[in-house]
2 protein chains.
Amino acid sequence: MLAQAISRLRQLGVRITPQRQEVLRVLLEGKQPSTAEEILKKVRSRYPRVSQDTIYRTLATFKKLGLVNELHFSDRCRRFEINIRGDHHHHMVCIQCGNAWKLPDCPLECLMRAKNYYPDFQIEDHSFVIYGYCPKCRGA
Amino acid sequence: MLAQAISRLRQLGVRITPQRQEVLRVLLEGKQPSTAEEILKKVRSRYPRVSQDTIYRTLATFKKLGLVNELHFSDRCRRFEINIRGDHHHHMVCIQCGNAWKLPDCPLECLMRAKNYYPDFQIEDHSFVIYGYCPKCRGA
DNA sequence: GAGTTATTCCGAACAGCTTTCAGTTATTAC
DNA sequence: GTAATAACTGAAAGCTGTTCGGAATAACTC
């Protein structure tokens with residue numbers, strides 16, 4: 001998985017630095033979409049001197065290459081998630097703890113209806129997010 | 001419309017200040033969900049001394065009272081929209097110019113499927129956004 | 001293994017938003 | 001009306017997530 005991603009980077013003519021490898025590793029391991037800060041923390045547990053803007057720049061690079069998706073939930077920070085081919089999905093997000101779960105499917109019907117309704121709009125992307133309280137945070 | 005909203009504020013025990021009335025007016029006039037900065041600019045054209053934090057505070061108050069919806073598109077700032085009863089809707093947003101259009105419907109099916117899939121998650125809200133290029137920005 | 005050039009690190013800047021606090025004002029009680 | 005008071009406002013400072021500029025470093029090319 002990591003090896004795959006790295007060879008993909010190499011193909012794309014991007015330098016493979018230890019920092020980038022580590023960011024990739026963290027993204028692949030992370031089960032939740034992560035904020036830059038979370039990623040930084042994890043990367044620093046191995047490479048303590050990595051600066052936060054290396055993280056931001058790396059994520060920007062990966063995003064441009066399509067290796068990573070950038071997500072915006074209802075808080076102020078961006079989250080990043082590895083983009084695995086054929087794994088298009090949406091999220092259910094806990095307002096309390098910020099954790100996210102994959103939704104079982106995608107509102108395709110709605111997307112098609114919108115397409116018919118606004119035929120001249122050139123659709124590029126879409127997002128569906130459900131907000132609420134996860135089982136753990138419900139009681140607390 | 002404005003009078004309605006104001007009487008609703010009064011019912012809720014919130015003070016009716018000129019600043020708040022003006023924010024309401026701007027929101028009711030605005031056809032697009034607006035950023036705090038846009039709202040501030042418009043409010044200042046009548047009340048030049050209004051501070052930005054009054055805008056933020058007012059919007060937070062209105063949101064708490066359910067008078068206003070907060071939206072998150074793919075950029076980093078929040079947008080606000082007047083919440084008219086019975087007018088639940090989602091948005092189609094132009095990546096270029098930032099304008100937004102109301103979608104004809106809501107991905108209810110998808111929401112229900114998610115509900116069945118994660119029965120212990122307490123759903124509070126949801127958002128569906130379509131991104132792309134509007135007819136005007138397509139060519140440019 | 002030397003050169004080149006992208007990438008990294010660091011400090012500081014920036015944008016959007018929030019807090020604090022002193023002063024003002026819309027509302028309530030008289 | 002008038003006074004009391006709790007809610008509100010404006011100004012400035014502060015916070016958080018993100019980006020920039022430039023010198024130093026190190027990955028890739030030959």
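Below, read A as the first sequence line, B as the second, and so on, with proteins coming before strands; counting in each chain starts at 1.
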Okay, side chain of [X], backbone of [Y]: is any donor-acceptor separation there less than 3.5 Å?
| X | Y | result |
| --- | --- | --- |
| A:Arg44 | A:Val50 | yes |
| A:Tyr47 | A:Pro18 | no |
| B:Arg10 | B:Ile16 | no |

Round to the nearest Å and state the distance from [X] atom [atom1] to [N] atom [atom2].
| X | N | atom1 | atom2 | value |
| --- | --- | --- | --- | --- |
| A:Glu22 | C:dT7 | CD | C1' | 17 Å |
| A:Leu40 | C:dT8 | CG | P | 13 Å |
| A:Ile55 | C:dC9 | CD1 | P | 8 Å |
| A:Glu38 | D:dT16 | CD | C1' | 15 Å |
| A:Asp75 | D:dC15 | CG | C1' | 16 Å |
| A:His72 | C:dG16 | NE2 | C1' | 14 Å |
| B:Leu12 | D:dA7 | CG | P | 15 Å |
| A:Arg49 | C:dT8 | CZ | C1' | 11 Å |

Using a strict threshold of under 4.0 Å (side-chain N to carboxylate O), is an ion pair present between B:Glu29 and B:Arg46?
no
Quick one: what's the B/S/- string for nucleotides 17-27 of chain D, heavy-atom cutoff under 4.0 Å, read 5' to 3'?
SBBBB----BB
Kindly say if A:Thr54 contacts the phosphate of C:dT8, meaning a side-chain N or O under 4.0 Å from OP1 or OP2.
no
Does B:Arg20 have a side-chain nitrogen or oxygen under 4.0 Å from the phosphate oxygens OP1 or OP2 of D:dT9?
yes
side-chain hydrogen bond (donor to acceptor under 3.5 Å, both in side chains) with B:Glu22: which of B:Gln19, B:Arg20, B:Arg25?
B:Arg25
Matching residue for B:His91 among B:Glu81, B:Arg79, B:Lys102, B:Gln32 - test: side-chain hydrogen bond (donor to acceptor under 3.5 Å, both in side chains):
B:Glu81
